[in-house]
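A short write-up of the structure that comes next.
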Amino acid sequence: MTLRLEPVSGSIGAIVHDVDLAAVDDRAWAEIHAAWLRHLVLFFPAQELSAGELVALGRRLGELDVHPYLPKLDGHDEVVVLDSETGVRADFWHTDVAFSETPPTASILQLVESPPHGGDTMWSNQYLAYEQLSEPMQALLDGLTAVHDAGSHGDASAAATHPVVRVHPETGRRSLFVNGTSTSHLVELRRDESDALLRMLCEASVRPEHTCRYRWGRGDVAMWDNRCTQHYAIDDYDGTRIGRRVTVTGERPVGI
């Protein structure tokens with residue numbers, strides 16, 4: 001097959017038309033995987049996936065994580081339930097579970113209930129966030145590490161140290177790997193230096209020209225590369241927004 005792709009923006013994201021994710025064979029999956037590495041986040045409109053089919057889809061990318069804090073779907077510990085009525089809105093830029101020693105490779109989210117308007121999600125390309133920095137700044141960042149913690153989940157003791165610039169194990173490209181939610185500080189710098197540089201990096205990582213914005217419909221599925229993106233669920237709606245998400249077990253981030 002040849003995928004029918006519709007780019008969402010000039011820098012990240014594509015809609016995949018006319019694909020039933022519950023019936024994808026190995027050949028089609030190979031095309032989807034290649035498009036995913038190229039566009040970083042793919043959107044599949046109006047899918048009818050059961051919880052078991054969502055789990056099976058995630059396992060095409062690897063073993064699945066069980067999130068340590070978020071609520072789970074009954075009978076499926078790998079499936080996180082993101083329900084706006086219970087306070088799970090994630091209206092901040094972040095990378096999923098960056099406080100783990102092995103942050104997830106990917107996340108796959110299906111919207112099972114969406115508000116009539118609002119509730120979009122944005123993604124940002126962290127390859128471009130790094131590549132558009134000056135060469136002297138890149139050279140400085142290539143040798144730094146950062147501490148990430150789970151303070152946003154009320155547990156700052158859960159923490160891991162990762163390179164500020166990570167090398168993607170499949171594409172070989174470098175991306176910025178800090179965010180304004182979980183990144184506590186840069187290890188090699190004084191705290192005042194760290195705070196100032198992190199502010200600049202967090203602003204650079206979500207510049208509008210690095211982003212896309214997706215308007216959800218019922219059943220839509222998004223699959224994103226958690227190694228080189230950030231995302232933000234926009235809290236601008238009334239009513240209920242419910243999603244089911246699986247995350248794929250990752251590897252320890254590798255720096256330069």
Go through the structure and list residues passing ring pair (Phe, Tyr, Trp, His ring centres under 6.0 Å) with [X], not counting sequence neighbours.
X      : result
His210 : none
Tyr214 : Phe43, Trp216
His94  : Phe92, His231

Pairwise salt bridge (charged side-chain N to carboxylate O under 4.0 Å, His left out) hits with a residue in residues 126-141, at least two apart: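 Only Glu131-Arg173 qualify under salt bridge (charged side-chain N to carboxylate O under 4.0 Å, His left out).
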All pairs passing side-chain hydrogen bond (donor to acceptor under 3.5 Å, both in side chains) where residues 149-158 contributes a residue, at least two apart: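 Sorted result for residues 149-158: Tyr69-Asp155, Asp155-Ser157.
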Summary of side-chain hydrogen bond (donor to acceptor under 3.5 Å, both in side chains) pairs that have at least one residue in residues 35-49, sequence neighbours excluded: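 Those involving residues 35-49 do not exist here.
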Partners of [X] by side chain to side chain contact (heavy atoms under 4.5 Å, CB included), sequence neighbours excluded?
X      : result
Glu203 : none
Ile256 : Asp142, Val165, Val167, Arg174
Pro103 : His162, Phe177, Pro253
Pro169 : Arg227, Glu251

Under 3.5 Å side-chain donor-acceptor pair for Thr171 and Tyr127: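 Side chains of Thr171 and Tyr127: pair found under 3.5 Å.
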Side chain to side chain, Asn179 and Trp93, heavy atoms closer than 4.5 Å: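 Asn179 does not reach Trp93 side chain to side chain.
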Listed partners of Glu113 passing side chain to side chain donor-acceptor pair (under 3.5 Å), at least two apart: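 Result, side chain to side chain donor-acceptor pair (under 3.5 Å) vs Glu113: none returned.
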Hydrophobic cluster of Val147, others only, ordered by chain and residue number, side-chain cut-off 4.5 Å: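 Other cluster members: Val187.
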